[in-house]
Protein chains: 2
Amino acid sequence: MPARARRTYHHGDLRNAMLQKALELVDEHGPEAVSLREVARRVGVNHRAAYRHFDDKRALTAAIAEQGYLALAVALEVSWAKSEKKAPRARVVALMDAYLDFALESSARYRITFGKRVNEDDRYPVLEATAERGFAVLMRALGGMRATPASREQVRDLGFSLWSLAHGYLQLVWSKRIRVRPELTARYFHALAVPLLDGWETTKKGR
Amino acid sequence: MPARARRTYHHGDLRNAMLQKALELVDEHGPEAVSLREVARRVGVNHRAAYRHFDDKRALTAAIAEQGYLALAVALEVSWAKSEKKAPRARVVALMDAYLDFALESSARYRITFGKRVNEDDRYPVLEATAERGFAVLMRALGGMRATPASREQVRDLGFSLWSLAHGYLQLVWSKRIRVRPELTARYFHALAVPLLDGWETTKKGR
DNA sequence: ACCTGAACACCGTTCAAGT
DNA sequence: ACCTGAACACCGTTCAAGT
């Protein structure tokens, strides 16, 4: 009796159930493994039921990405809160570590979150907003780093530099263009990022 | 008479024809649009004929990626040759420009070339080798940049930094996480990369 | 040696119908 | 309001057969 698998004919929380199963699928078999039909199968409903909650497959991907940006923002906020007693510069480094840790621990999720097709799509402005929430933490950390005041644009540029560096580094590591032992992946990133922070502090102070 | 479309029953150069049509497809409709069946259709053969030249779909993707790395390496080599009369640092900047130009002018190709799945796959060592050829140009340019000698490891780290920065920047621009007017995309990258070069020159000289 | 055609197990998406 | 089932047009891949 398949009817016993669910209490009622109506699932009740199908949207969240699908999102949950989709995330499991991403973690298990990578971003490409997500299909509407497989997710529906895992939840235990007809594949057509999905369309009550997601306009199309991309809408499901967008929901996964939104969840990803949100989890990333929360991870950064937690790091920021926990580093309160540290020096400003150490707080920035801690934040970068939190970013790398998040990406490395759930790399499939990270990859689907930053996937081009869904981020390009203007139908999901929520992605912009949620990503912004994470970037705001970095801006705050960088803003507090130097005694010498810098313009908002200068801080933003440094923020984009660090973000680009971290994101590109991760992609190149995953694509095997940068070869580094897995347990040293986060540490080696320091070697790349520190000169950027050094340059920022020394160059600006010198003026 | 479909037979008139080709001179003989045998195509003769099917592998190259498929690769060519695949690249057109990538440029026209993006990386996702490439399917063995569509490529075969465009060449004018049965989709099964593809399997004589490519083991599976990924092998076709790998061939596209190899072609991409090769074109990139050539673009960098051309830039390097053309900048012979410039100062060492200007040559590095010219090289970065060439990289950005290549990526922006054929972004779909760039994206499929650096695609994770195919680069992860150990069945295509040619990708490693061809990518290395491009990176070697950057290493040469950076090695010539400073009077003060640096170890090969230090130069390589700087190279990985610049590569990560450029690659991550491109991804974030394409994903709309960094918003910049299209005609300023390459110029804004300068603002991000220059501090890295400055930091490298000043920090090392000071010791 | 190289190409074809039918078949299989998957997709995403649409339409008409069921509860 | 929510879910189902058959159908359509696509995939990649395999097998047996054609030239």
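Lettering of chains follows the sequences in order, A, B, ..., and the numbering in each one begins at 1.
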- Message: A cation-pi test, strictly: NZ or CZ of R111(B) under 6.0 Å from the centre of the six-membered ring of W174(B) and no more than 45 degrees from its axis. Yes or no?
- Response: yes

- Query: Picking from dT14(C), dT4(D), dG12(D), which would you name as closest to the side chain of Y51(A)?
  - Reply: dT14(C)

- Roughly how many Å is it from CG in L60(B) to C1' in dC11(D), rounded to a whole number? 14 Å

- Does CZ belonging to R187(A) count more than 12 external heavy atoms closer than 6.0 Å? no

- Query: Between E38(A) (CD) and dA9(C) (C1'), how many Å, whole number?
  - Reply: 13 Å

- Note on the structure: Of dG12(C), dA6(D), dA6(C), the nucleotide closest to the side chain of R37(A) is dG12(C)

- Nearest-Å distance for atom pair CZ/P, residues F54(B) and dC3(C): 12 Å

- Item | Aromatic ring proximity, centroids under 6.0 angstrom, H167(A) and Y110(A) | yes

- From the candidates dT13(C), dT13(D), dC11(D), the one with an atom nearest any side-chain atom of L36(B) is dT13(D)

- Considering only heavy side-chain atoms of H47(A), the closest of dA7(D), dC3(D), dT13(D) is dA7(D)

- Does atom NE2 of H29(B) have more than 12 heavy-atom neighbours, drawn from other residues, nucleotides or ligands, at distances under 6.0 Å? no

- Query: Between R52(B) and D55(B), who's closer to the 5' end of DNA chain D by nearest nucleotide?
  - Reply: D55(B)

- Message: Using whole Å, what does the distance between atom P of nucleotide dA1(C) and atom CG of L14(B) come to?
- Response: 17 Å

- Note on the structure: In whole angstroms, the gap separating C1' of dC10(D) from CZ of R41(B) amounts to 8 Å

- Message: My understanding is that a pair needs two contacts under 3.5 Å, Watson-Crick or G-U wobble. By that rule, which nucleotide pairs with dT19(C)?
- Response: dA1(D)

- Task: Please check if atom CD in E153(A) has more than 12 non-hydrogen atoms from other residues, nucleotides or ligands closer than 6.0 Å.
- Result: yes

- Message: Applying the Watson-Crick and G-U wobble criteria at under 3.5 Å, what pairs with dT14(D)? Answer none if nothing qualifies.
- Response: dA6(C)

- Interatomic distance, R42(A) CZ vs dC11(C) P [rounded to whole Å]: 11 Å

- Message: Output the rounded distance in Å from NE2 (H53(A)) to P (dA1(D)).
- Response: 13 Å

- Message: Heavy atoms from C-beta onward define the side chain here; which of dT4(C), dG12(D), dC3(D) lies closest to that of S35(B)?
- Response: dG12(D)

- Message: What is the separation between atom CG on D56(B) and atom P on dT13(D), rounded to the nearest whole Å?
- Response: 5 Å

